[in-house]
Structures are given as C-alpha cells and as structure tokens.
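Keep in mind the model is a prediction, meaning the values are calculated, not measured. Just follow the structure's listing: the first ligand is 1, and inside any ligand the first atom is 1.
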Amino acid sequence: AELSWPHRVRGAMVLAACGDALGAPFEGTDPVDRADIDDWMNRSTQLMAYTDDTASALVLADHLTRRHGTVGEDELADELAREWARDPDRGYGHGAARLFAELAHGRPWQRAAAELFDGQGSYGNGAAMRVAPVGLLPGLGLGAVAGRARRSAVVTHQHPQAVDGAVAQAVATALAALSTRDTPLDPDRIVTPIREHVDTAEFQAALRRLPALVNGGASSTQVAGEVGNGVSAIQSVPAALAAFLRHPDDIPAAIAFAIGMGGDTDTIASMTGALCGARRTERDVPVMWGLRLGGASRVWTAASALARLAQAT
Ligand code: 8NA
Ligand code: MG
Ligand code: MG
Ligand code: MG
C-alpha cells in the first residue's frame, strides 16, 4: 500500500508539468526574487502554461504506454518532431528546433542529432527534461531504467553528458518512486546508485558533490553557485536533484528552491517536480496548481494511461 505506484506515476507527471509551468516565467532570470516566486506560486490565480519540457515528456509517456514500456528510437524521433511541428512555440532550444525541422523533412535522427553543434551533439537538458516517464515504468531494475533512458535520449541528444543527464534523472525518478514517504531520505542512498549508471567523469564529479552540499543545508543560490543553473544537462540535472534532496517531503518548498536557483528555472523545477511527485503522489500536489495549469486534462490523461501499465503487469 505504501508504494501505490500508479499514484506516484500521476504525482510525478502532474508535478513535473506544474514545475515547468511555475518556473517558466522566471526562465533566464538570475537571481530570482524570492518574493516574486512566492507571489506567483501561492497567491496568483492566473493560468499557467507548460513548455517544451512537458510537451516532450507527454510524447514520451504516450510512446511508452503504447509500446508497453519499451523505447523505439525511430518512432520516438518521429513523434517528438511531429509534436514540435504541431505546436512549435513552446520554448524549444535552438538546437532542438533545428533538429526537429530536419527530422520533419525526413532526415534520419542518427545523422541529424550527431551533427548538431559542429558534430559534438547537444549537451542541453532536453533529453533529461522529458525522461521521467522512463523512471515510472513498473517493475524495472535500475539498469533497465538506465538503458531505456539512454535509448530515449540519443534520438535528439548525442553528447555523452546529455545522455548521462537523462540516465541520472530517470534513475533518480525510479528511486524517488521506490522511496518511503515521510522517512528521512539519505542523499547518499539516492546519489550513489545514480552514480553507478552514469558514464562520464564530469557527471560523476557533479553528482559526488551533492550529498555534502545537501547535508550542509546549502541555500538555493549556494547550490546554483556550486552546481550551476544553465541549460546544460551537467548543471541542471544535479541542480534539480539537489532541490529534491533538500525538501523531499515538502512540495512547495522544493519547487520554490528549484526556481530560486535562477537560470533554466522551468526545466530545473520540472525535473524537481518529477522527483517530488514520484515520492509523494498526486494527492500532495497543491490543488490550485492543477486548476491553473493550461492543458491539465492532457497531462492527466497521459499520466493515468502510463500509470495503468502498473496494473496491467
Ligand atoms: P538544445 O539542444 O538547443 O540545447 C540547449 C542549448 O544549449 C543550445 O541552444 C545551446 O545554446 C546549448 N548547447 C547545447 N549543446 C551544445 C554544444 N555541444 N555546444 C555549444 N552549445 C551547446 O535544446 P534542449 O532541448 O537540450 O534544451 C532544453 C532547454 O531549452 C530547456 O531549458 C527548455 O526549457 C528550453 N529553453 C531554455 C531556455 C533558457 O533560457 N534556459 C530558453 C528557451 C528554451
Ligand atoms: Mg521549457
Ligand atoms: Mg522554455
Ligand atoms: Mg528550460
């Protein structure tokens, strides 16, 4: 009963979308005024809109639901490109928009993704920001989660740090969904298993610093200063994990912490939301956020369909 996996799936998907929409107005702001965050989170009754982060996470969720949890790279590339073409003004990164335009013209993803940024591939967080559904698949070991995260990433992001970012965020989501609520979360017990699945020395180093930072009670701005808050996976994925580990059982505090880091606020808050929602379930998502979220029924439908995979197996 404690695990209640379907509730955790819905919690993660809905709170990831809310984090994205709550963080979006602050994207690129650095530093962010804490009073502005509180006002927007707590008092405003304005509608809020999700961005590319959620749009692409919903594509991946639907993909996994239809394929009973497996990743098909060709299909996924096509589905992501079609979502971009249908609704291109959701705030996609430059490399992502260029890539999707090429895919829409029939170029194979293998070549188009590899040629981005002078042949380095993108090190942006675009593969990590959409990956939470992979960590929410029922009954997978962490190695299988990591493998599916990698396959879901490479269709757009071939830089090794961007792939590591997707692996880290997917494994973190699975660990959050497996964790016991309201019992203290030891940062080492989350960070150590994630480190077993990432490949690059840079990602290893970025993750290794997190437990001391979190245990030392670092503030939002201190974490941003140490870890970074930019659109690269190597900065934003550890930043989101730190926000979750600082406030694992207090959703508004974790989201405010994430937005308070500044920089890529929609994406950091969305990834934090996925982790907190996976630990807490949808029952702990503030009701007003769901009511303010444009497209909430689309999010709810995709989340509930993904959650039903747990009942089918
Ligand atoms: P992406 O692949 O375009 O990467 C994002 C950005 O990272 C690029 O536009 C480049 O500036 C930079 N970049 C990535 N790889 C390299 C490289 N190898 N060499 C040099 N520069 C590089 O798109 P993505 O899907 O990975 O990005 C996701 C982000 O874009 C999310 O934050 C999302 O919300 C969106 N976004 C962010 C901002 C922002 O200011 N933070 C603004 C608009 C859109
Ligand atoms: Mg975005
Ligand atoms: Mg954006
Ligand atoms: Mg962003």
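Restricting Asp53 to its N/O/S atoms, the shortest distance to the Mg ion (ligand 2) is reached by OD1. Looking at Asp264, its N, O or S atom nearest to the Mg ion (ligand 4) turns out to be OD1. Looking at Glu27 and the Mg ion (ligand 4) together, the shortest N, O or S contact belongs to OE2.
Salt-bridge formation is detected for the pair Arg67/Glu75: a Lys NZ or Arg NE/NH1/NH2 atom is positioned less than 4.0 Å from an Asp or Glu carboxylate oxygen. With salt bridges taken as basic N to acidic carboxylate O contacts below 4.0 Å, one links Asp62 and Arg298. Ion pairing between Asp249 and Arg279 holds under the 4.0 Å rule for side-chain N and carboxylate O. Between Arg107 and Glu115 there is a salt bridge, since at least one side-chain N of the basic residue sits less than 4.0 Å from a carboxylate O of the acidic one. Using a cutoff of 4.0 Å between basic side-chain nitrogens and carboxylate oxygens, Arg111 and Glu102 are not scored as salt-bridged.
If you number the atoms of ligand 1 from 1 as listed, the ones under 4.0 Å from a heavy atom of Asp266 come out as 34 (O). For ligand 1 and Gly124, the ligand atoms under 4.0 Å from any heavy atom of the residue are 4 (O), 14 (C), 15 (N), 26 (O). Residue Thr267 approaches ligand 1 through these ligand atoms, each under 4.0 Å from one of its heavy atoms: 31 (C), 32 (O), 33 (C), 34 (O). Atoms of ligand 1 lying under 4.0 Å from at least one heavy atom of Gln120, given by number and element, are 18 (N).
Taking backbone and side-chain atoms together, Thr51 has an N/O/S atom less than 2.8 Å away from the Mg ion (ligand 2). Because the distance cut-off is set at 2.8 Å, Asp52 qualifies as a neighbour of the Mg ion (ligand 2) through one of its N, O or S atoms. When distances to the Mg ion (ligand 4) are checked against a cut-off of 2.8 Å, Thr265 contributes no N, O or S atom below that limit. Distances from the Mg ion (ligand 2) show that Asp266 has an N/O/S atom below 2.8 Å.
Using a 4.0 angstrom heavy-atom cutoff, Gly121 counts as in contact with ligand 1. By the 4.0 Å heavy-atom criterion, His157 is counted among the residues contacting ligand 1.
A side-chain contact (heavy atoms from CB on, under 4.5 Å) with Ser152 holds for exactly one of Val131, Val167, Leu64; it is Val131. The residue from Arg150, Arg151, Arg148 that alone fulfils the side-chain contact (heavy atoms from CB on, under 4.5 Å) condition with Val134 is Arg148.
Of the listed residues (Asp52, Asn125, Asp20, Val231), the one carrying the non-hydrogen atom nearest atom 27 (O) of ligand 1 is Asn125.
Using a 4.5 Å heavy-atom cutoff, the side chains of Met13 and Pro133 are in contact.
Remark: ligand 1 and His159 share no N or O pair separated by less than 3.5 Å (distance only, no angle test). Among the atoms of Met129, none of the N or O lies under 3.5 angstrom from an N or O of ligand 1. Note: no N/O pair closer than 3.5 Å links Ala127 and ligand 1 by distance alone. Residue-to-ligand polar distances place Ala96 within reach of ligand 1: an N/O pair is separated by less than 3.5 Å. Between Thr51 and ligand 1, no N or O atom pair is found at a separation short of 3.5 Å.
Listed here is the closest heavy atom pair of Arg292 and Trp40: NH1-O, 2.9 Å.
Under 4.0 angstrom from ligand 1, the non-hydrogen atoms of Phe117 all belong to its side chain.
Remark: His157 engages no residue in a ring-ring contact (aromatic ring centres under 6.0 Å, His included) (not counting sequence neighbours). With sequence neighbours left out, Phe257 forms a ring-ring contact (aromatic ring centres under 6.0 Å, His included) with His247.
The aromatic rings of Phe100 and Tyr92 sit perpendicular to each other, their planes meeting at more than 60°, with 30° as the lower class boundary.
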